[in-house]
Asker: 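This structure is in structure tokens; I'll ask about it shortly.
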Amino acid sequence: MADPIRLATYAGDFSRKGPGLLLRDLLKDDPVPGLVTIMQAAPDIVLLTDIDYDAGQAALKTLRTRLKDKGLDLPYLFSRRPNSGMATGLDLDGDGRTGGPRDAQGFGYYSGQGGQAILSRWPLELTVDFSGMLWRDAPETLMEQGDPAHDVQRLSSSAHWAVSVAHPLGKITLLTAAATPPVFDGPEDRNGRRNRDEILLWLHYLDGKLDQAPGSPVVYLGNLNLDPNRGDGLRDAAARVLAHPRLQDPLPDRPTVAWDAVGEMRVSYVLPSTDLRVSGAGISPPEPDAGPHRLVWVDLEMPH
């Protein structure tokens with residue numbers, strides 16, 4: 001029997017208020033909050049959904065080095081410039097100014113803030129990138145015709161990547177997501193509608209509505225910022241993901257975050273396709289100063 005593959009997603013706080021600050025913190029002797037959580041979970045592949053991007057991947061490479069120094073070797077990296085912090089040139093929040101964090105394609109004080117990154121034991125290759133898709137063009141879009149950014153607003157607040165993992169026993173395709181929170185808006189519920197459309201995008205992909213559906217085993221993972229049973233948002237979107245016939249849910253009803261204002265909710269998910277055998281799954285306890293989110297992991301065995 002081959003060893004199981006441990007996949008994880010973690011919305012730990014690897015984001016800072018300015019470019020270069022995450023790299024600065026990673027270069028200090030003090031451990032950056034969140035590293036202990038990753039080390040203790042010891043994943044073979046981990047998706048980080050709140051990590052600052054820089055063009056040379058300096059912060060991500062330094063994070064990899066810090067983990068390797070502690071005994072966790074994840075040599076292969078994948079990241080691209082996210083939509084978060086990418087300027088639209090429009091005043092999307094209606095404050096009379098452009099260039100603010102809520103005027104960007106996804107919330108961000110600067111380009112690259114709070115993006116996504118993957119670290120892996122095995123080589124990674126981008127196979128599909130929907131990050132540039134306009135919200136208006138998404139299947140079943142709930143974008144309003146009169147939206148102020150109708151012609152420029154991308155669907156992805158961060159990114160939607162299909163990334164192939166070259167495991168020795170065969171390929172696995174990761175479908176990554178970090179959807180906008182369905183809050184911080186008004187009665188028009190723009191963020192709630194966008195959150196729903198971001199979450200459903202990978203279901204349309206699996207159903208063959210966007211591109212040829214992936215033939216290899218897939219894992220839909222990331223921070224959907226939506227609980228199927230409680231909290232704000234169009235919760236039916238999360239229910240549709242969990243009910244999709246190609247996906248399985250190893251951790252039903254398990255909370256992944258504890259917010260002071262609203263309590264515990266389930267927002268981070270690792271959902272393997274049904275052709276992968278789940279041999280274990282768990283949620284790491286919260287780490288002090290690493291944010292309210294918990295790391296979610298699933299152990300998988302490749303189909304024979």
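Owing to the predicted nature of the structure, the values given are computational and were not obtained by experimental measurement.
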Asker: When you check the gap from the basic side-chain N to the acidic O, do Asp129 and Arg80 get nearer than 4.0 Å?
Answerer: no
Asker: So, the side chain of Thr49 versus the backbone of Gln116: is there a donor-acceptor pair under 3.5 Å, distance only?
Answerer: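 Here the side-chain-to-backbone pair does not exist.
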Asker: Just to verify, what does Arg246 make a side-chain hydrogen bond (donor to acceptor under 3.5 Å, both in side chains) with, not counting sequence neighbours?
Answerer: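 Testing Arg246 for side-chain hydrogen bond (donor to acceptor under 3.5 Å, both in side chains), a comparison that skips the adjacent residues, returns none.
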Asker: For Asp147, which of Arg190, Arg193, Gln153 qualifies under side chain to side chain donor-acceptor pair (under 3.5 Å)?
Answerer: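 With Asp147 as partner, Arg190, Arg193, Gln153 yield a single side chain to side chain donor-acceptor pair (under 3.5 Å), made by Arg190.
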Asker: Quick one: name the residues clustered hydrophobically with Leu67, using the 4.5 Å side-chain heavy-atom rule over I, L, V, M, F, W, Y, and just say none if it's on its own.
Answerer: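 Tyr10, Phe14, Leu22, Leu26, Val32, Leu35, Ile38, Met39, Val46, Leu48, Ile51, Leu60, Leu63, Leu72, Leu74, Leu77, Leu119, Leu295, Trp297, which link up through side-chain heavy atoms under 4.5 Å apart, make up the rest of the cluster.
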Asker: I'd like to know if the side chain of Glu264 and the backbone of Pro255 have a donor-acceptor N/O pair within less than 3.5 Å.
Answerer: no
Asker: Starting from Leu134, walk the hydrophobic network (Ile, Leu, Val, Met, Phe, Trp, Tyr; side-chain heavy atoms closer than 4.5 Å) and list everyone else you reach, by chain and number.
Answerer: none
Asker: Looking at Thr98 and Gly89, would you say the former's side chain and the latter's main chain have a donor-acceptor pair under 3.5 Å?
Answerer: no
Asker: Run the numbers on Val219 and Leu300 for side chain to side chain contact (heavy atoms under 4.5 Å, CB included), then give the verdict.
Answerer: CA-CA 10 Å; Val219 180; Leu300 302 171; 3.9 Å; yes
Asker: Within a radius of less than 6.0 Å around CG of Asp289, do more than 12 heavy atoms belonging to other residues, nucleotides or ligands occur?
Answerer: no
Asker: Pairing donors with acceptors under 3.5 angstrom, does anything connect the side chains of Gln40 and Ser284?
Answerer: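 Side-chain D/A pair, Gln40 to Ser284: absent.
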Asker: Using a side-chain heavy atom cutoff under 4.5 Å and only I, L, V, M, F, W and Y, what cluster partners does Tyr53 have?
Answerer: none
Asker: Which residues pass the side-chain hydrogen bond (donor to acceptor under 3.5 Å, both in side chains) test with Asp93, sequence neighbours left out?
Answerer: none
Asker: Taking 4.0 angstrom as the limit, do Asp69 and Arg66 come out as a salt bridge?
Answerer: no
Asker: Thinking salt bridges, do Asp95 and Arg97 make one under a 4.0 Å N-O criterion?
Answerer: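 The answer is yes: the pair qualifies as a salt bridge.
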Asker: Side chain of Asn83, backbone of Ser156: donor and acceptor closer than 3.5 Å?
Answerer: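 Yes; at least one donor-acceptor contact below 3.5 Å.
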Asker: Indicate yes or no for a side-chain donor-acceptor contact from Glu125 to the backbone of Ser164 under 3.5 Å, with no hydrogens or angles considered.
Answerer: no
Asker: List the atom pairs, with distances to 0.1 Å, where a side-chain N or O of residues 136-144 and a protein N or O form a donor-acceptor pair under 3.5 Å, not counting sequence neighbours.
Answerer:
from: Arg136; atom 1: NH1; to: Asp151; atom 2: OD1; distance (Å): 2.7
from: Glu140; atom 1: OE1; to: Arg196; atom 2: NH2; distance (Å): 3.0
from: Glu140; atom 1: OE1; to: Arg240; atom 2: NH1; distance (Å): 3.1
from: Glu140; atom 1: OE2; to: Arg240; atom 2: NH2; distance (Å): 3.2
from: Thr141; atom 1: OG1; to: Trp135; atom 2: O; distance (Å): 3.0
from: Thr141; atom 1: OG1; to: Trp135; atom 2: NE1; distance (Å): 3.4
from: Thr141; atom 1: OG1; to: Met143; atom 2: N; distance (Å): 3.1

